[in-house]
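For reference, the structure is listed below as structure tokens.
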2 protein chains.
Amino acid sequence: MSVMAELKVKNMEEFAAKSGVSRPTVSKYFNDPKSVRATTRERIEKALELYEYRPNPYAVNQNRRLTKNIGIVVPYVGDPFFAEVARRLEWRCIEEGYLPTTFSSHGSPDHEVEILDLLQSMRPAGVLLAPIGRESDRSHMEAFCKEVPTVLVDANIEGIGAAFIGSDNFQSMSLMVDYLCRSGEPPCLFEMPPVNPNANKRRQAYSEAMDRLGHEPSVIRVEGSGWDFEAIGHREGLKVLEEGRLTSKTVLCSNDRLAIGFLSAAYEAGHKVGITDDCSLRVAGHDDHPFSRFTCPSLTTAAQNYDSIANFSVETLCELIADEGSNRLRRETLFDNKLVMRASA
Amino acid sequence: MSVMAELKVKNMEEFAAKSGVSRPTVSKYFNDPKSVRATTRERIEKALELYEYRPNPYAVNQNRRLTKNIGIVVPYVGDPFFAEVARRLEWRCIEEGYLPTTFSSHGSPDHEVEILDLLQSMRPAGVLLAPIGRESDRSHMEAFCKEVPTVLVDANIEGIGAAFIGSDNFQSMSLMVDYLCRSGEPPCLFEMPPVNPNANKRRQAYSEAMDRLGHEPSVIRVEGSGWDFEAIGHREGLKVLEEGRLTSKTVLCSNDRLAIGFLSAAYEAGHKVGITDDCSLRVAGHDDHPFSRFTCPSLTTAAQNYDSIANFSVETLCELIADEGSNRLRRETLFDNKLVMRASA
DNA sequence: ATACAAAATTTACGCGCGTAAATTTTTCAA
DNA sequence: TTGAAAAATTTACGCGCGTAAATTTTGTAT
């Protein structure tokens with residue numbers, strides 16, 4: 001091992017000179033070390049030990065026919081659910097040899113289109129897009145998806161993108177409603193104005209499941225906009241409890257963040273939540289938000305299959321990239337959720 | 001308004017041809033519209049209405065003497081505290097006319113140095129770096145900071161970066177200990193092995209404050225590593241409670257995430273937490289984590305001044321960039337925290 | 001040793017843009 | 001009107017790299 005201070009070399013030209021081969025050969029080497037002769041490879045790798053050099057990824061991607069860039073867009077990183085999704089997507093992209101860059105729309109449709117514009121000039125090989133949803137600029141997104149291979153994640157927007165990967169809200173809501181009815185009073189649904197199709201699907205699935213079991217569905221739609229779901233759940237939960245608008249002692253929230261807010265409202269209102277006899281309310285959520293196991297009581301919820309969703313999303317995108325322009329049918333893939341029974345319901 | 005479909009133009013050359021001026025003039029225009037003659041400006045802007053064109057930001061930044069790029073690095077976006085910090089930093093950078101890109105080290109020091117390498121080839125005008133802390137590769141970071149103007153945020157690393165902006169842990173811990181002693185039993189400190197200097201400072205500040213008030217400090221250091229603070233707080237909290245190792249009925253946690261975990265442990269162990277007479281424990285945290293107002297009970301904590309920290313960090317970086325290489329003294333700026341009294345203590 | 005195809009390398013050019021230097025246009029005083 | 005300085009624009013070149021085409025080297029059969 002050379003103890004010599006490694007000298008930094010600023011570009012491929014200089015490094016090629018040091019290693020004694022031409023620059024394009026060095027370029028080939030970095031693209032695929034096996035594509036150069038063994039003797040050449042040795043010379044390059046010997047130089048690599050003496051001099052510190054790595055190709056500038058941005059310059060590389062400006063000139064490649066097809067970049068190794070992948071854009072990841074989530075609607076709101078402040079939401080730990082999406083932070084977790086983004087993290088897993090990033091990781092899988094790196095595993096596949098890509099260079100992911102993650103963006104958050106911060107809940108703003110305007111910012112979402114700006115990100116799309118920025119991404120376009122990045123010439124990504126593909127994009128993993130978890131759209132804001134209902135408020136997203138559909139036409140802009142449609143134009144974008146025509147230019148760059150895009151896989152939609154989490155929230156579906158009909159006809160947009162080359163594929164959609166999400167989870168099966170009907171399966172999970174059915175599972176959840178079954179469980180709640182079996183173990184106690186049939187649930188009412190606590191929801192806010194939907195930001196994306198998932199919320200709508202969940203409401204629909206809830207109603208169907210209740211019907212199927214011979215119970216009257218009861219949806220409590222509260223007001224609120226933006227991405228501060230906990231605050232909405234808290235504020236509106238307090239109102240609902242005070243005004244006695246709760247139609248069941250079992251409250252199924254349309255997602256975990258709303259449930260977390262509702263739990264805090266119930267606590268403040270003096271309710272004890274849980275499945276034990278001394279409890280006056282049961283509360284369940286949806287998603288298995290990273291912190292939902294640490295609520296008081298811990299939250300019963302339908303766990304999205306983070307692993308499968310991230311894996312399959314990236315795999316689908318890779319296939320799409322490999323297939324170039326051969327635009328096949330748009331496919332929608334839904335993964336099953338798992339019922340996670342904890343203390344709250 | 002022209003209803004004509006705007007034609008996309010792919011590069012500055014083409015657009016310059018459409019507008020009837022030379023490419024470099026168009027380049028000047030996009031750098032500063034006022035730097036071209038009024039008549040020329042009109043011709044360009046007329047073309048801009050007919051054709052859709054925006055300079056490729058990545059190509060721009062490859063050639064600029066000084067980029068408009070700013071890198072933002074946080075240790076872990078999955079932590080809503082850092083997600084919030086990142087969001088505010090991003091916003092302020094955009095306001096100042098920069099192009100921020102946010103990265104998360106995902107709690108891995110290796111990934112942190114990879115991000116630093118990537119950033120370097122991005123040739124950013126400056127970097128806002130919230131380091132992982134104790135495990136960060138100090139020498140690598142030092143080398144990086146010599147090349148690009150860097151402002152450290154949240155976690156200080158002695159002598160590294162051109163400035164540090166954080167919050168005053170002594171002030172907040174003193175405030176908190178004062179309050180807790182005044183209102184009940186003096187607190188013990190619940191902490192995990194420190195990932196960064198803040199935890200150490202907080203312990204030190206806790207001890208000093210206790211001394212000053214004539215109480216015996218009592219630190220409960222639990223085991224755990226990684227960035228799943230809630231899980232550590234929960235697991236170790238359960239142990240501590242079971243084994244009766246708690247030295248006070250008032251538990252001051254070294255951060256909110258740990259407190260959230262501890263709260264869930266206390267709940268499971270059958271404790272009621274809060275300031276009312278029927279409670280057996282009081283729990284406080286630190287940071288004012290975005291969700292700490294929605295715990296059960298809501299968490300009493302020391303709120304970091306997100307606004308001031310984000311604003312001052314970006315302002316400091318902008319000054320640094322403006323001053324070019326005139327390396328002045330490294331400055332450390334600490335903002336005061338506010339005591340947020342909620343239901344838990 | 002010789003010929004010839006296959007593999008590897010080098011030459012030459014392009015990507016989309018910034019910028020110093022050279023040229024043109026404008027401004028304004030005499 | 002003329003002249004020169006000032007301002008604006010254009011020319012020419014470079015950034016760090018990929019890649020098609022041209023050239024050289026290698027491997028194989030004769």
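Order of the sequence lines fixes the chain letters, A, B, ..., with proteins taken first and strands second; residue numbering starts at 1 for each chain. What you are looking at is a predicted structure, and each value in this text was computed from that prediction instead of being measured.
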Extract from the structure each pairing of a protein N or O with an N or O of nucleotides 6-8 of chain C at less than 3.5 Å, listing the distance.
{"unit_1": "C:dA8", "atom_1": "O3'", "unit_2": "A:Arg37", "atom_2": "NE", "d": "3.4"}
{"unit_1": "C:dA8", "atom_1": "O3'", "unit_2": "A:Arg37", "atom_2": "NH2", "d": "3.1"}

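- For A:Ser27 and D:dG18, the shortest distance from a side-chain N or O to OP1 or OP2 is below 4.0 Å.
- Regarding B:Glu13, its CD atom lies at a distance of 10 Å from the P atom of D:dT11, rounded to whole Å.
- When the C1' atom of C:dT19 is taken as reference, atom CZ of B:Arg65 falls 10 Å away, rounded to whole Å.
- Of the side-chain N and O atoms in A:Asn11, one or more sit less than 4.0 angstrom from OP1 or OP2 of D:dG16.
- The CG-P distance, from B:Asn69 to D:dC15, rounds to 19 Å in whole Å.
- For B:Asn69, the side chain to side chain donor-acceptor pair (under 3.5 Å) test picks out B:Asn61, with sequence neighbours left out.
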Worked check of salt bridge (Lys or Arg N to Asp or Glu O under 4.0 Å) between A:Arg330 and A:Glu332 = CA-CA 7 Å; A:Arg330 184 176 191 278; A:Glu332 303 188 357; 2.9 Å; yes
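- Residue pairs meeting the salt bridge (Lys or Arg N to Asp or Glu O under 4.0 Å) criterion with at least one member in residues 113-122 of chain A, sequence neighbours excluded, are A:Asp117-B:Arg54.
- Between B:Arg92 and B:Glu95 there is a salt bridge, since at least one side-chain N of the basic residue sits less than 4.0 Å from a carboxylate O of the acidic one.
- As a whole-Å value, the separation of A:Arg123 CZ from C:dC17 P is 12 Å.
- Taking the charged nitrogens against the carboxylate oxygens, A:Glu14 and A:Lys18 have no contact shorter than 4.0 Å, which rules out a salt bridge.
- Looking at the side chain of A:Tyr53, the nearest of the listed nucleotides C:dG16, C:dG18, D:dC17 is D:dC17.
- The side chain of A:Pro24 lies closest to C:dA12 when the candidates are D:dC17, C:dC17, C:dA12.
- Salt bridge present: B:Arg23 and B:Glu13 bring a charged side-chain N and a carboxylate O closer than 4.0 Å.
- Not a single donor-acceptor pair, N or O on each side, falls under 3.5 Å between the base of C:dG18 and the side chain of B:Asn31.
- Residue-level contact check: B:Pro55 touches the backbone only, with heavy atoms under 4.0 Å from sugar-phosphate atoms and none from bases.
- Of all nucleotides listed (D:dG18, D:dG16, D:dC13), D:dG16 comes nearest to the side chain of A:Lys10.
- Within 4.0 Å (heavy atoms only), B:Phe15 reaches no atom of the nucleic acid at all.
- For A:Thr25, a side-chain nitrogen or oxygen approaches OP1 or OP2 of C:dT10 to under 4.0 Å.
- Going from atom CG of B:Asp32 over to atom P of C:dT19 covers 12 Å, rounded to whole Å.
- Between B:Tyr58 and D:dC15 there is no side-chain polar atom (N or O) within less than 4.0 angstrom of OP1 or OP2.
- As judged by a 4.0 angstrom heavy-atom cut-off over every strand, A:Tyr29 is placed among residues making no nucleic acid contact.
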Show your reasoning for whether side chain to side chain donor-acceptor pair (under 3.5 Å) applies to B:Asn311 and B:Ser313.
-> CA-CA 5 Å; B:Asn311 287 340; B:Ser313 297; over 6 Å; no
